[in-house]
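Here is the structure we will look at, set down as structure tokens.
Convention: sequence-line order gives letters A, B, ...; per-chain numbering from 1.
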2 protein chains.
Amino acid sequence: MSTPSDTLHPAPTPAHLRERLAGAGLRATQQRLLILECLLVLPGHPTAEQVHRRAAEQAPSLSLGTVYKTLDSFVAAGLTKRVASAEGGSRRFDADCTEHHHLFCTNTQEIIDYCDPQLDKLIREFFATKGLANFQPHSFSLHITGDKLQ
Amino acid sequence: MSTPSDTLHPAPTPAHLRERLAGAGLRATQQRLLILECLLVLPGHPTAEQVHRRAAEQAPSLSLGTVYKTLDSFVAAGLTKRVASAEGGSRRFDADCTEHHHLFCTNTQEIIDYCDPQLDKLIREFFATKGLANFQPHSFSLHITGDKLQ
DNA sequence: ATTGCTGCAAAGTCTTTGCATAGGA
DNA sequence: TCCTATGCAAAGACTTTGCAGCAAT
């Protein structure tokens, strides 16, 4: 299992943040640097509101509208993904754009990342062999619903 | 692949609808019978709005609020599921509560059902062997993103 | 100097709620 | 009859938009 999703992730360096924005072709504004940092640091796939709450600690003038616009531009640039969820509420974002799967905890509503190259291989091979009628698959994401233990 | 999702499904009989509601412990009101029928008949996992639009053809006085309340009670009773989607927009519903997977078409935004017992078996066996740290899985749903051909 | 981003506030979309009335068991 | 579901309309939650001023390249 990848990074645990109930603790803060290690803070990325400013240089790393700039690099990531540049790589996506986005201007490195103060707000974007901060928002990206919050997104990387916050556990459990945060909402725009949660990103704003945390970012506003350092930049109280940052508006929620800007957070929405910024997250949208991150998604458009492929820097961030939106997380699929059957529950209502706000949309949630994921700074990890590598292909991975999600564990949905029925009790806590957490969405936990799950990486497993072996599983990826199994799925890709299954569809390579079997194929899909009239459909060209690009990516696979397994949603595993259940309960976190302990 | 299961029932195609771009054409109407065959209409269920009134008796079948009553039975389904009774099985879920829900009163068989005119509105519920109609809403359930629309849900079963409409392709591609409709929104509350779409269910209302279709149902209102037969019962113009049916309100959108009632459709929302009814769909919520269907979900609570296990008669219907909400569909997970990373796209924004309205929540979408699925009358098929058996375990199955979804194809997400990037172009048309359609969500197409995909059933494959062989795939189910493959996934279940993978996790039976491998296990998940601190997590008890209940169900698996594979999200396949890609493009519908032709 | 340009170009695009930000902040603000207003508007928009989707969903929920409260309550009086109607309808099913 | 009793109790829940419905319809209506208002409120609520979440998100988007327009525009003037500002910051990054």
Exercise for the section: Report yes if a side-chain nitrogen or oxygen of B:Gln30 is closer than 4.0 Å to either non-bridging phosphate oxygen (OP1 or OP2) of C:dG23; otherwise report no. Expected result: no
Exercise for the section: Check for a donor-acceptor pair, side chain of B:Thr106 on one end and backbone N or O of B:Gly146 on the other, with a separation under 3.5 Å. Expected result: yes
Problem - B:Thr47 backbone acceptor or donor facing B:Gln50 side chain under 3.5 Å - result: yes
Problem - side-chain hydrogen bond (donor to acceptor under 3.5 Å, both in side chains) involving B:Ser63 - partner list, sequence neighbours excluded - result: B:Thr66
Exercise for the section: Determine the contact category for A:Ser63: base if any of its heavy atoms lies under 4.0 Å from a base atom, sugar-phosphate if only primed atoms, P, OP1 or OP2 are that close, otherwise nothing. Expected result: base
Exercise for the section: Mind calculating the distance between CG (A:Leu71) and P (C:dT6) to the nearest angstrom? Expected result: 11 Å
Practice task
Pick base, sugar-phosphate or nothing for B:Thr66, based on heavy-atom distances below 4.0 Å to the nucleic acid.
Solution key: base
Problem - Same apolar cluster: A:Ile123 and A:Tyr114, side chain cutoff 4.5 Å - result: yes
Handout entry: Touch class at under 4.0 angstrom, heavy-atom based, for A:Thr47 against every strand present
Key = nothing
Practice task
Could you list the residues that satisfy side-chain contact (heavy atoms from CB on, under 4.5 Å) with A:Gln136, not counting sequence neighbours?
Solution key: A:His138, B:Leu149
Exercise for the section: Could you tell me which residues satisfy side-chain hydrogen bond (donor to acceptor under 3.5 Å, both in side chains) with A:Asp72, sequence neighbours excluded, listed by chain and number? Expected result: none
Problem - Single hit among B:Val41, B:Leu34, B:Leu39, B:Ile35 for side chain to side chain contact (heavy atoms under 4.5 Å, CB included) with B:Arg54 - result: B:Val41
Practice task
Evaluate whether atom NZ of A:Lys121 has more than 12 neighbouring non-hydrogen atoms of other residues, nucleotides or ligands under 6.0 angstrom away.
Solution key: no
Exercise for the section: Round to a whole Å and report the spacing from CZ of A:Arg91 to P of C:dT13. Expected result: 15 Å
Exercise for the section: Could you pull out all residues at least two apart from A:His102 that satisfy ring-ring contact (aromatic ring centres under 6.0 Å, His included)? Expected result: A:His45, A:His100
Completion exercise
Checking C:dC8, C:dC5, C:dT16 against the side chain of A:Thr29 (C-beta onward), the nearest is C:dC5
Handout entry: Taking every non-hydrogen atom, the tightest pair across B:Ala28 and B:Leu21
Key = CA-CD1, 3.8 Å
Exercise for the section: Indicate, yes or no, whether a donor-acceptor pair under 3.5 Å links the base of C:dT3 to the side chain of A:Arg27. Expected result: yes
Problem - Interatomic distance, A:Leu21 CG vs C:dC5 C1' [rounded to whole Å] - result: 13 Å
Practice task
Select from B:Tyr68 and B:Ala28 the residue whose nearest nucleotide in DNA chain C is closer to the 5' end of that strand.
Solution key: B:Tyr68
Practice task
Could you tell me whether the phosphate oxygens of C:dC5, OP1 or OP2, come under 4.0 Å of any side-chain nitrogen or oxygen in A:Arg32?
Solution key: yes
Completion exercise
Contacts of B:Arg18 and A:Leu26 projected onto DNA chain C by closest heavy atom; the upstream (5') one is A:Leu26
Practice task
Indicate whether OP1 or OP2 belonging to C:dG7 is found under 4.0 Å from a side-chain N or O atom of A:Gln31.
Solution key: yes
Practice task
Take the C1' atoms of the five end pairs on each side of the helix from C:dA1-D:dT25 to C:dA25-D:dT1, derive the two axes, and give their angle rounded to 10 degrees.
Solution key: 50°
Practice task
Check every nucleotide of DNA chain D for an atom under 4.0 Å from a heavy-atom of chain A, then give the first and the last such nucleotide from 5' to 3'.
Solution key: D:dC14 to D:dT25
Fill in the blank from the handout: Comparing B:Thr70 with A:Arg82, nearest DNA chain D nucleotide closer to 5' gives the residue B:Thr70
Practice task
Give one of base, sugar-phosphate or nothing for A:Ser61, where a contact means two heavy atoms less than 4.0 Å apart.
Solution key: sugar-phosphate
Practice task
Starting at atom CG of B:Asp72, determine the distance to atom P of C:dT15, rounded to an integer number of angstrom.
Solution key: 10 Å
